[in-house]
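Each remark here refers to the structure printed beneath this line.
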Amino acid sequence: MPTALVAFVAAADGRAAIVGDDLQLVGPLDRMAPRAAELEASGDVRWVWWSAGHDAAALVRAGLPVGRCWDVAEAHRLLAGGWEATPQVAWAAAYRLDRSGLPAATRGDLFDFDAVASSAAPGGTAHTAVGTAASVVRADGYLDPDAGTVDWRPDDETLAAWGRAALACAIAQEAALAEVGSRSVAAAHSESAAAFLCVELTRDGLPVDRATAERMIAEAAGPRPENDADARRIRTERDLQVLAHTPGRESTDLRNPLQVKELLASVGVVVPNTRKWVLEPFRDTHAVVGALLEWRKAERIATTYGYPWLDAHVGADDRLRGGWTACDGAAGRMTAQNGLHNLPTALRPAVAAHPGHVFVRADLGQIEPRVLAAVSGDEAFAAATRADDLYAPVATALGVDRPVAKIAVLAAMYGQRSGAAGEALKDLERTYPVAMGYLDAAYAAGLRRQPLRTFGGRLIRLDAVLADVPADGTAAYDAARGRFARNAVIQGSAAELFKAWAATVRATTRDLGAQIVLCLHDELLVHVPEENAVETMARLEQALTDSARRWTGSTQVRFVADASVIHRWSEAKD
DNA sequence: CGGAGGACGTA
DNA sequence: CGTACGTCCTCCGC
């Protein structure tokens with residue numbers, strides 16, 4: 001029996017509809033969530049929603065462990081590229097309706113479908129558009145532009161029609177994705193699972209040791225200020241650590257790059273800008289340089305990761321929370337807010353498992369060259385992936401030392417121009433012509449503004465992404481586009497494998513009480529009761545083998561994970 | 001008040 | 001030394 005598609009759609013006023021074959025339920029969320037749970041438990045169901053952050057939020061709040069779903073917004077982002085994915089846009093694309101004919105909403109852009117998960121809460125009180133069943137799909141084939149907006153107030157029949165529209169849209173998308181390629185439907189499944197995981201990540205947060213966090217902030221930013229005057233005093237003291245080196249210039253605003261540039265010039269350090277890597281060589285020229293660089297580090301903690309950050313984003317349950325999205329608008333990597341993706345490594349000791357728990361952390365080793373082997377179909381390069389260290393056999397094949405082989409491979413993938421690549425790069429072209437040809441083709445497509453697709457079929461658009469023209473003209477603009485294209489097919493494909501892995505881990509470790517608490521591009525952090533740590537680690541490894549096998553459709557390319565059981569994120573890998 | 005640019009953290 | 005992202009700060013124009 002094939003998997004039944006069942007729509008679950010939410011209205012802004014707290015009602016939801018469950019719609020499938022011979023099934024139509026409409027009612028308040030607190031009655032619909034248990035019905036969804038029954039269906040999830042009893043049947044072979046794939047849930048359909050316009051967007052997990054919007055429609056499935058109540059199911060996540062209720063703790064329903066959704067297994068399979070189809071997220072119309074994520075499927076659309078695969079199909080069409082970019083990030084815009086309102087129901088109306090996704091519907092038009094799935095049915096191949098002219099984009100320029102999209103009707104405008106009567107109240108401007110009130111969609112909350114683009115909101116990140118953390119802010120996607122029911123909202124809006126105005127009562128402007130009263131939907132009726134006939135109005136969800138217009139006579140001209142487009143979706144009602146008001147449907148799904150925060151001010152939309154459908155009656156029960158209309159909400160059910162909204163669910164039927166989601167079902168129909170999903171089916172049309174599946175057909176369109178099947179045309180793109182055999183992997184794209186599977187990619188839609190894992191991208192949808194990742195989007196649901198994002199809502200769970202937003203709900204659960206990252207376990208934090210608050211005392212350690214407070215201590216580390218205090219080391220960098222000083223004690224917690226008693227009041228505003230105290231805060232100003234601490235700030236001024238921090239500034240004086242730098243300004244004491246330049247008597248007579250105490251009024252310099254260190255937060256103003258122009259004034260900093262002037263200050264540096266006055267002591268003989270003349271620089272085009274005051275970036276860290278520009279100033280680093282001048283550390284020995286004048287003591288103010290080193291003091292300034294240290295000040296910047298402390299200032300970063302004080303402003304971005306200081307007490308206000310701790311108070312705003314770490315809950316009473318000692319969990320750091322931020323909004324998550326399943327893909328960015330370019331290559332398709334996950335994004336996270338509130339520092340979850342760019343927490344300074346110095347603060348990682350503060351990320352700690354809660355009592356009775358540990359973290360199982362794992363990262364994918366050498367993910368990008370391995371992905372290159374898979375997506376290009378280069379058999380020789382695939383053979384190299386069978387080694388634990390991919391660069392070892394590459395070095396042997398090229399007759400160079402490992403560091404040279406590594407630089408050459410990275411240079412080929414990222415377009416690095418300087419450095420010691422040189423001769424090794426030519427040998428690379430000779431030894432792995434299929435892989436290198438794949439990268440060259442992506443670069444050339446970028447130059448021609450020709451859209452590309454990742455391995456899983458995500459459209460890489462070259463029109464919208466690079467909006468900023470480099471100052472040095474058209475050639476630089478073309479080259480930037482080429483580099484972007486070459487990088488995007490690798491980075492984006494790697495993101496797809498990562499999400500397939502994460503979705504599999506989520507599904508196969510739930511019975512162990514495991515909870516994915518962080519996804520960081522190639523790294524997973526799983527919070528689990530300590531007695532289940534070893535089993536969780538084994539399943540993480542198995543999940544990688546299985547998802548890589550499904551994703552590549554073969555076992556030619558090997559992917560490896562470095563996994564360990566730790567209490568703090570800062571702990572060594574083994 | 002919002003956008004632009006500088007700066008910097010992560011992968 | 002390539003790509004991507006999120007966040008804070010200041011300046012500038014409305």
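Atom set for the values below is all heavy atoms of this structure, side chains included, hydrogens, waters and symmetry mates excluded. Reminder, nothing fancy here: chain letters follow the sequence lines and each chain counts from 1.
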Practice task
Check whether the ring centres of His341(A) and Trp324(A) lie less than 6.0 Å apart, and answer yes or no.
Solution key: yes
Practice task
Determine whether Leu459(A) and Leu79(A) make a side-chain contact, defined as any pair of heavy atoms from C-beta on separated by less than 4.5 Å.
Solution key: no
Practice task
Can you tell me the distance, in whole Å, between the CD atom of Gln259(A) and the P atom of dA7(B)?
Solution key: 14 Å
Problem - Between dG5(B) (C1') and Asn256(A) (CG): distance, integer Å - result: 12 Å
Exercise for the section: For Met413(A) and dA4(C), give me the distance from atom CE to atom P, rounded to whole Å. Expected result: 16 Å
Exercise for the section: Identify whether NZ of Lys or CZ of Arg in Arg486(A) sits under 6.0 Å from the centre of the six-membered ring of Phe484(A) and within 45° of that ring's axis. Expected result: no
Handout entry: Distance, rounded to the nearest Å, where Ile301(A) contributes CD1 and dC8(C) contributes C1'
Key = 13 Å
Fill in the blank from the handout: Which of Thr545(A), Asp388(A), Thr552(A) passes side chain to side chain donor-acceptor pair (under 3.5 Å) with Arg558(A)? Answer is Asp388(A)
Practice task
Using the six-membered ring wherever Trp is involved, compare the ring planes of Phe359(A) and His527(A) and label them parallel, tilted or perpendicular (cut-offs 30° and 60°).
Solution key: tilted
Problem - Closest listed nucleotide, where the reference is the side chain of Arg483(A) and the choices are dT10(C), dG2(C), dC5(C) - result: dG2(C)
Practice task
Classify the nucleic acid contact of Ala488(A) as base, sugar-phosphate or nothing, counting any heavy atom under 4.0 Å across all strands shown.
Solution key: nothing
Practice task
Nearest whole angstrom, please: distance from the C1' of dC11(C) to the CD of Glu262(A).
Solution key: 15 Å
Practice task
Let me know the distance between OH of Tyr443(A) and C1' of dG2(C), rounded to the nearest Å.
Solution key: 11 Å
Practice task
Can you tell me the distance, in whole Å, between the NE2 atom of His313(A) and the C1' atom of dG6(C)?
Solution key: 11 Å
Exercise for the section: Among dT10(C), dC5(C), dA7(B), find the nucleotide with the atom closest to the side chain of Arg235(A). Expected result: dT10(C)
Exercise for the section: Kindly indicate whether the side chain of Arg77(A), heavy atoms from C-beta on, has any atom under 4.5 Å from the side chain of Glu191(A). Expected result: no
Practice task
State whether a side-chain donor-acceptor pair under 3.5 Å links Trp501(A) with Glu496(A).
Solution key: no
Exercise for the section: In whole angstrom, give the distance that lies between atom NZ of Lys261(A) and atom P of dC9(C). Expected result: 22 Å
Exercise for the section: For dT7(C), take OP1 and OP2 only and decide whether either is under 4.0 Å from a side-chain N or O of Asn338(A). Expected result: yes
Exercise for the section: Looking only at side-chain atoms of Phe484(A), point me to the closest of dT3(C), dT10(C), dA7(B). Expected result: dT3(C)
Pairs under 3.5 Å (N/O, protein and nucleotides 8-11 of chain B):
residue, atom, partner, partner atom, Å
dC8(B), OP1, Arg296(A), NH1, 2.8
dC8(B), OP2, Lys276(A), N, 2.8
dC8(B), O4', Arg300(A), NH2, 2.6
dG9(B), OP2, Lys276(A), NZ, 2.5
dG9(B), N2, Asn342(A), ND2, 3.0
dT10(B), OP1, Thr345(A), N, 3.0
dT10(B), OP1, Thr345(A), OG1, 3.2
dT10(B), O3', Arg348(A), NH2, 3.0
dA11(B), OP1, Arg348(A), NH2, 2.9
dA11(B), O3', Asp522(A), OD1, 2.9
dA11(B), O3', Asp522(A), OD2, 3.3
dA11(B), N3, Arg333(A), NH2, 2.8

